[in-house]
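Right, one structure below, let's go through it.
Keep in mind that the numbers below use all heavy atoms, side chains included, and drop hydrogens, waters and symmetry copies.
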Protein chains: 2
Amino acid sequence: MMPLNGNEGIALYAQVREAIREQITSGKLKPGERLLPEEELAILMGASRMTVRRGILDLIDEGVLYRRRGVGTFIAHRHIDRHHNRLTGYFESAAEEGFVPRIEVLLREITGATLMVARALNLREDEPIVRVRTLRLADDQPLAVHDEHVSYRLYPDILDAGIETRQLWELLSERGDPVRRAVQRVEARLAEDEIARLLGVEEGAPILYKLRTVYSEDGRPVEFAICYNRGDRYSLTTTLTR
Amino acid sequence: MMPLNGNEGIALYAQVREAIREQITSGKLKPGERLLPEEELAILMGASRMTVRRGILDLIDEGVLYRRRGVGTFIAHRHIDRHHNRLTGYFESAAEEGFVPRIEVLLREITGATLMVARALNLREDEPIVRVRTLRLADDQPLAVHDEHVSYRLYPDILDAGIETRQLWELLSERGDPVRRAVQRVEARLAEDEIARLLGVEEGAPILYKLRTVYSEDGRPVEFAICYNRGDRYSLTTTLTR
DNA sequence: GAGTGGTCTAGACCACCCG
DNA sequence: GGGTGGTCTAGACCACTCG
């Protein structure tokens, strides 16, 4: 472990974190081996113990390291294990997973909130909302139908903003409501007439049905989506921690 | 915000965190309002700024607070928003969600790893594994069929340990491999003959199909499960963060 | 008892945002 | 320019684990 070279503009704890990560990915530190104690790392890297510690804690959070009190900090096996709980847009996901994304707008309207939508968005029933129904295609094959809802009062001009090529909440971010987290629930269902037709599957084909509420930084719900995903082409991965 | 009373044995930052949380849940601090600056809180609560900060950061992680650089720390709306990414056992979940859990062991055997199992557990194909198939019931209604797999070499005596009433990985924890995280993938599928019969549904009924690999603290995969969940009774909730 | 991580302090300087 | 959070320091004491 060498002293850190002066990467100016990057926080020291981040440099510590990446230096340790580099030692692992380069194979100088192997799974199961013990990391040097915080104190020694601090001296070697020319940082305070608290700073080294912060870098280490980041890596523990990622599952790259683990520690046992009174014993030491160790390199975990299988640090391939990414977090799968990042909120990403359709185009981002496509870039990561390597497919060509396309979105077709099937419907856009201003209508009254159903009870389910109203509850999710913290509105009263029948309050005006913008509803956009889109078909999402991956490599030109239908993947999902989304029904997205936002409050019309909060975002009266959202329909003019190029929904064809952007995820709705990317637009919301630019309007001063940066989305920060989402809660989604999935179920298995069967395709019914219209959804089956749109997705190009038989009626009774399996559908991963997903309800997603997206919250802005300040904790307000800003978007609610009902998603019908083709069971044969769509799966969802999650990381759980104890 | 009062000075902390001497709750001995509890870390000061945790007391800070809970004191702030209490101010929010009791309504003394309302959504959208600004929290006192770190410096002032430190003085009021009789702790150092770094300690107060740590408590605040915990709450930000939970989505209870949010902050803007150079501006302040604010109380988020809707702090109902729990993290849904906690790895819990069937009996824990039942206690939280309020149903009566029951597990019936359908099959237990020592067999060779299929390719899928071997890949997940980092073994070679045909290496001996313990396989346990269980039926999980909620309020005496079938909910899911699980096929759980662990390495026979690592846990030769796992079959003697009361799988009927315990989740497999709870036993693993007691054997010195505390489970720490899991990665699971879900898809929608249709029930086929045997699974349909076991779950008490028609063939072609929707099934939430889940593959779950559970990792121990040190990052080794310790358990791999294939789960068939009844689509009409089972849903899965996840929190995503940006 | 020696070594480790867990907590905590009382400062400090900086970057950012606002009026 | 004044207030905020973001980073960083150089110590300190404690709790836990292990031989």
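Look at CG on Leu35(A): it is 12 Å from C1' on dT4(C), rounded to the nearest Å. Atom CD in Glu38(B) sits about 12 Å away from atom C1' in dG3(D), given to the nearest Å. Taking atom CD of residue Glu40(B) and atom C1' of nucleotide dG3(D), one finds them 10 Å apart after rounding to whole Å. Between the P atom of dG5(D) and the CZ atom of Arg34(B) lies a distance of 7 Å, rounded to the nearest Å. Summarising the geometry, the separation between CD on Gln15(A) and P on dG6(D) is reported as 19 Å, rounded to the nearest angstrom. Put simply, CD1 on Ile10(A) is 18 Å from P on dG6(D), counting in whole angstrom units. Between Arg53(A) atom CZ and dT7(D) atom C1' the separation is 16 Å, expressed in whole Å. For Glu217(A) and dG5(D), the CD to C1' distance is 13 Å, given to the nearest whole Å.
If you check dG5(C), dG6(D), dT7(D) against the side chain of Arg67(B), the one that comes closest is dG6(D).
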Once each nucleotide of nucleotides 9-19 of chain C is scored for protein heavy atoms under 4.0 Å, what B/S/- sequence comes out, 5' to 3'? BB-B--SBS--
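Ion pairing between a basic and an acidic side chain is recognised when a charged N comes within 4.0 Å of a carboxylate O; Arg34(B) and Glu40(B) show no such pairing. Comment: Glu223(A) engages Arg212(A) in a salt bridge, judged by a side-chain N to carboxylate O separation of less than 4.0 angstrom.
Qualifying ring pair (Phe, Tyr, Trp, His ring centres under 6.0 Å) partners for Tyr13(A), counting only residues two or more places apart in sequence or in other chains: none.
Taking 4.5 Å as the limit, every side-chain heavy atom of Val16(A) sits out of range of all side-chain heavy atoms of Asp58(A).
By the 6.0 Å and 45° rule, Arg136(A) stacks over the aromatic ring of Tyr90(A).
An OP1 or OP2 oxygen of dC8(D) is reached within less than 4.0 angstrom by no side-chain nitrogen or oxygen of Tyr13(A).
A donor-acceptor pair is defined here as one N or O able to donate and one able to accept, closer than 3.5 Å; such a pair exists between the side chain of Arg242(A) and the backbone of Leu87(B).
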